[in-house]
Amino acid sequence: MSHQNNTDSIIKAVAEVCPHFPHHKAEGKWQKRWEQEKAFSTQENGGDKKFYCLEMFPYPSGKLHMGHLRNYAIGDVMARYYRMKGFSVLHPMGYDAFGLPAENAAIKNKVHPNHWTFNNIKEMKDQQTALGLSYDWEKDIATCHPEYYKWGQWLFLKFWEKGLVYKKEGLLNWCPDCQTVLANEQVVDGSCWRCDTTVVQKHMPQWYIKITDYAEELLNDLDKLDEWPHKVLVMQRNWIGRSEGAEIVFKIADGAEAGREIPVFTTRPDTIFGSTYMVLAPEHSLVETLIAGMENETQCREFIEKVAKMEKMDRTDDSTKKEGVFTGRYAINPVNQEKIPIWIANYVLVEYGTGAVMAVPTHDQRDFEFAREYDLPMRVVIKPEDAEFNTAEDMTEAWVDAGLMVNSAQFDGLPNDEGKKKVTVWMEDQGMGKSSINYRLRDWGISRQRYWGMPIPLIYCDACGVVTVPEDQLPVQLPLDVEIKGDGSPLARHEGFQKVACPKCGAQAKRESDTIDTFWDSSWYFLRYIDARNDEAPFSVEKANEWMPVDLYIGGVEHAVLHLLYSRFFTKALRDVGLVNVDEPFKKLVTQGMVTKDGAKMSKSKGNVVDPAVIVDKYGSDAARVFILFTSPPERDLEWSDEGVVGASRFIDRIYRLVMRFAESLKNEPVVKADKIGESAQSLRRICHKTIEAVTVDIEERIGLNTSIAKIMELVNEMYRFTEKDTINKCDFPVFRESVETLLRLFSPFAPHICDELYEAIGGEGFVLDQEWPKHNPAYLQSETMLLVVQVNGKVRGKVTVPSDADKDVVWEAALKEEQIVRWLEDKEPKKVIYVPKKLMNIVI
RNA sequence: GGCCGGGUGGUGGAACGGUAUACACGAGGGACUUAAAAUCCCUUGCCGACAACGGCUUGAGGGUUCGAAUCCCUCCCCGGCUACCA
């Protein structure tokens, strides 16, 4: 057959009348097939190319919102992409199923939390399936399932063995009317959210986890997380809040407690000679003994009470004035033996440092304001050379910057930052204090006086004390025969649950009735997915080491601190127990932006919620996915637009029509190699390969899903141009076929249903997901000529078309042939000609 | 107050030192239709009444550079987080 004959034969498009992608029917059909053929099972292909793709698991509220859709759409594209790239991909889903809303629903609707939760899980899973998300459902988990929390309890025991668990008194929100502990979210304007009684702070024994043992490592390892958003790293750094300084010991000067030590923490030991008074937090443990029997006792007590109330009302109010009272007592400044007054003030926090500060009003703005208010003594001890002040009287605000030390005995004349170290060393020698590092991070209080949570596997025995539940007795099952009324934990009055024989001595003992913070459950779920059905261990160490770390973790920024910090801590603690060999759980983190409407975050109270289920119902999940991925880059906020979804739906239809027009030929024409092809086919091929390259780079290097879709749209536009005539030369057909197959592959991670539908229509077998991700051929990117911009003095004045291999001289010649350019040059000799190969030429005159 | 984002057409957004406004939405006009929907085509940053053409334009003002939305400095506005951390 001659080439001539080939060009003569043409392939005709089938006549049709604007067909629609029948998404309602076709999407369901594919979802069913994917399920039947286990298309999303984790395939471990043995190689070293693994990709663990994780989206933050949802609380099972029963309904997906737009934030979920966005989160999962991003994750699904990435999971499908890497799978097509030949990676072993782990892409699981589960439910963070313990927590308050289930109990609230129980009180309100008289349904059991267990029933309510599992019902919701089912509904959510159905919705997720309807989105065509490629989860391996054989690995799903629900944290409220005994098979899951059994291992949460087991891990608790490991932490216990490591000495990471301890008990101490903690302050809790307590509603005296409901006789129950309230979570912070249940305290509204200082009152109980249900009965409006004023909430009080109550000291109760609580279990704590020593996360502070890992503070230093949690901080230092942030440097390893080079694929985390900068914002999140900063938030974690601030949360851990490391401060270097000194702990200095002051002594009580007089009274019955004379000589008793009051340590303070300061980051400014260089200012110690300027400490002219001391302030304790109202809750400080020494306050009681200090004020007892003093003249000001009543006044002090009134103040303490006032602060206690203020604190829970609105501590964050920045208009809160610094207030305090004098205890009547004095302390001794160890460096100069000065007697300084001890005050109590609202601006000192009991939780930070030692709960006591040495006040240096001249060099700390808060102390300055307080001292001015109460007329306390001040002394300048740091002075810059060009100081505008000589004595404290000249100051209008505290001097907090660098300077030379003055009024500081043997340290006079030293630059203050040098003084910091020298003073500390000297004080250490004198036994007055020591260098100290303080963290803002507190130990993690995990006790919750609630029902719907993981029981803490501990037993109280009168004879043996606190005894852990033996491993072979796990799980400690959460009893289901309870009545939830909201008046305290039902576990505390559940006899069958509480009564237990002591595992050590066999005597009658009592179970811990507190449950654990739900953050415990979510701190290790990513490890359980790896080996979700293991009934002998939380997960196999070997498998965990294969899959960890999670390569890509996607979720909302609201978890930037707590969940991500606890998970990091768990990973490190489990590493020390020998269960994993990684230091950090999440390699790359993407925090997706909010979905907004009318400029505000979607919320029930604002009434601007759009239900993804309604959108999926109307336009199909492909359209919903494409819209939400196309409209904004993943990390930025996304403004919802009804028209935008229509646009996405239109684009999907457009692809459907294009491919269906030629489906018959694509299915039946023999596949041949492209031989001699025409100019428009060459151009199509070039754009096709350019698109492959661009989409691959966009997805892989920056998760640029919006631009990926834009580039696929450009390819489709080009294909429409190519097929304008309704006929394609036979010799050009292989190029068109290639473009269709490429399009379906490139687009399938975004819109998997339509791509499988069309793939089938053109005679493809199986799922596009199992096809290889296309590779671009660099040779096809070349064209014979290129268009170059010619600038004169930095402004575009013309364009020239030159051969692709043209060098500077050739371009220069071509430029001189352009009338426009010549006119702008005005016969002047160019001062300089800058040539950027393949881009532009700039002529400076 | 501190820290982190962000300011580009009517709108969502492209462009990570090299043609600013890709791609899409919306709008306007046209074709097809008895009509509508759907679809297809054209126009669409602003100004010079139109075209050729020219000027202006990435929150404001400076700077570096042959060349700046992009880098540097100063300032303004919007959003988020955090908040007396000694």
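So that the names make sense, note that chain A is the first sequence line, chain B the second, and so on, each numbered from 1. Because the structure is predicted, anything quoted here is derived from the model rather than measured.
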Separation of [X] atom [atom1] from [N] atom [atom2], in whole Å?
{"X": "A/E397", "N": "B/G1", "atom1": "CD", "atom2": "C1'", "answer": "13 Å"}
{"X": "A/M235", "N": "B/G5", "atom1": "CE", "atom2": "C1'", "answer": "12 Å"}
{"X": "A/L562", "N": "B/C81", "atom1": "CG", "atom2": "C1'", "answer": "13 Å"}
{"X": "A/R636", "N": "B/C16", "atom1": "CZ", "atom2": "P", "answer": "13 Å"}
{"X": "A/Q791", "N": "B/U65", "atom1": "CD", "atom2": "C1'", "answer": "13 Å"}
{"X": "A/D698", "N": "B/G13", "atom1": "CG", "atom2": "P", "answer": "17 Å"}
{"X": "A/W824", "N": "B/A52", "atom1": "CH2", "atom2": "C1'", "answer": "14 Å"}
{"X": "A/R654", "N": "B/C41", "atom1": "CZ", "atom2": "P", "answer": "6 Å"}

Which of the following nucleotides, [options], is nearest to the side chain of [X]?
{"X": "A/V789", "options": "B/G55, B/U19, B/C84", "result": "B/U19"}
{"X": "A/L349", "options": "B/G6, B/C23, B/C85", "result": "B/C85"}
{"X": "A/N842", "options": "B/G55, B/G18, B/C23", "result": "B/G18"}
{"X": "A/R657", "options": "B/C23, B/C40, B/C84", "result": "B/C40"}
{"X": "A/H230", "options": "B/G54, B/G5, B/G12", "result": "B/G5"}
{"X": "A/R440", "options": "B/C66, B/A83, B/C23", "result": "B/A83"}

A/I843 and A/I821: CA distance, side-chain angles, deciding distance, side-chain contact (heavy atoms from CB on, under 4.5 Å) verdict | CA-CA 9 Å; A/I843 304 162; A/I821 307 290; 4.2 Å; yes
If I pick the [atom1] atom on [M] and the same atom on [N], what distance separates them, to the nearest angstrom?
{"N": "B/U21", "M": "B/C46", "atom1": "C1'", "result": "13 Å"}
{"N": "B/U70", "M": "B/G6", "atom1": "P", "result": "13 Å"}
{"N": "B/A52", "M": "B/G48", "atom1": "P", "result": "16 Å"}
{"N": "B/C56", "M": "B/A20", "atom1": "C1'", "result": "13 Å"}
{"N": "B/G7", "M": "B/A69", "atom1": "C1'", "result": "11 Å"}
{"N": "B/A22", "M": "B/G12", "atom1": "P", "result": "15 Å"}
{"N": "B/C25", "M": "B/U33", "atom1": "P", "result": "25 Å"}
{"N": "B/U8", "M": "B/A68", "atom1": "C1'", "result": "14 Å"}

For [X], report the nucleic acid contact type (base, sugar-phosphate, nothing); a contact means any heavy atom under 4.0 Å.
{"X": "A/T266", "result": "sugar-phosphate"}
{"X": "A/D653", "result": "nothing"}
{"X": "A/P229", "result": "nothing"}
{"X": "A/F630", "result": "base"}
{"X": "A/E714", "result": "sugar-phosphate"}
{"X": "A/Q365", "result": "nothing"}
{"X": "A/R650", "result": "sugar-phosphate"}
{"X": "A/W640", "result": "nothing"}
{"X": "A/G241", "result": "nothing"}
{"X": "A/R442", "result": "nothing"}
{"X": "A/V836", "result": "base"}
{"X": "A/K799", "result": "base"}
{"X": "A/N238", "result": "nothing"}

Paired with A/V234, the side-chain contact (heavy atoms from CB on, under 4.5 Å) test is passed by just one of A/Q236, A/H230, A/K231, namely A/H230
Over all heavy atoms of both residues, which pair between A/M358 and A/F250 is shortest? Give the atoms and the distance, please.
->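 Heavy atoms of A/M358 and A/F250 come nearest at CB-CZ, 3.6 Å.
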Charged N to carboxylate O under 4.0 angstrom, [X] versus [Y]?
{"X": "A/D223", "Y": "A/R237", "value": "yes"}
{"X": "A/D698", "Y": "A/K711", "value": "yes"}
{"X": "A/E338", "Y": "A/R379", "value": "yes"}
{"X": "A/K690", "Y": "A/E714", "value": "no"}

A/F627 ring center within less than 6.0 Å of A/W640 ring center |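 Under 6.0 Å, so yes.
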Proximity of A/F651 and A/F747 rings by center, below 6.0 Å | yes
Over 60° means perpendicular and under 30° means parallel, so classify the ring planes of A/Y566 and A/W444, tilted if in between.
->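 The rings of A/W444 and A/Y566 lie parallel, inter-plane angle below 30°.
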Aromatic ring pairing A/F370/A/Y374, orientation class (parallel under 30°, perpendicular over 60°, tilted between) |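 Ring orientation, 0 to 90° scale: tilted.
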Is there a donor in the side chain of A/S683 and an acceptor in the side chain of A/R721, or the other way round, less than 3.5 Å apart?
-> no
Report the residues that fulfil side-chain contact (heavy atoms from CB on, under 4.5 Å) with A/W824, sequence neighbours left out, ordered by chain and then residue number.
-> A/V792, A/R797, A/Q820
Select from A/S632 and A/M594 the residue whose nearest nucleotide in RNA chain B is closer to the 5' end of that strand.
-> A/S632
Of A/L787 and A/V357, the one whose closest RNA chain B nucleotide lies more 5' |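 This one resolves to A/L787.
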B/C66 base to A/K832 side chain: any donor-acceptor pair below 3.5 Å?
->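 Absent.
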Think A/Q820 has a side-chain N or O under 4.0 angstrom from the OP1 or OP2 of B/G54?
-> yes
N/O (side chain, A/R366) to phosphate O (OP1/OP2, B/A83) under 4.0 Å =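 Negative; the distance criterion is not met.
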Look only at the side chain of A/H363 and the backbone of A/V400, and say whether a donor-acceptor pair between them is shorter than 3.5 Å.
-> no
Only stems of 3 or more consecutive Watson-Crick or G-U pairs count here, both distances under 3.5 Å; name the ones for RNA chain B, or none.
->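 The stems are B:1-7 with B:76-82, B:10-12 with B:23-25, B:26-31 with B:39-44, B:45-48 with B:53-56, B:59-63 with B:71-75.
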Per the O4'-C1'-N9-C4 / O4'-C1'-N1-C2 angle with a 90° window around 0, B/G9 comes out syn
Close residues, residues 699-708 of chain A, relative to RNA chain B [heavy-atom separation under 4.0 Å] | A/R702, A/N706, A/T707
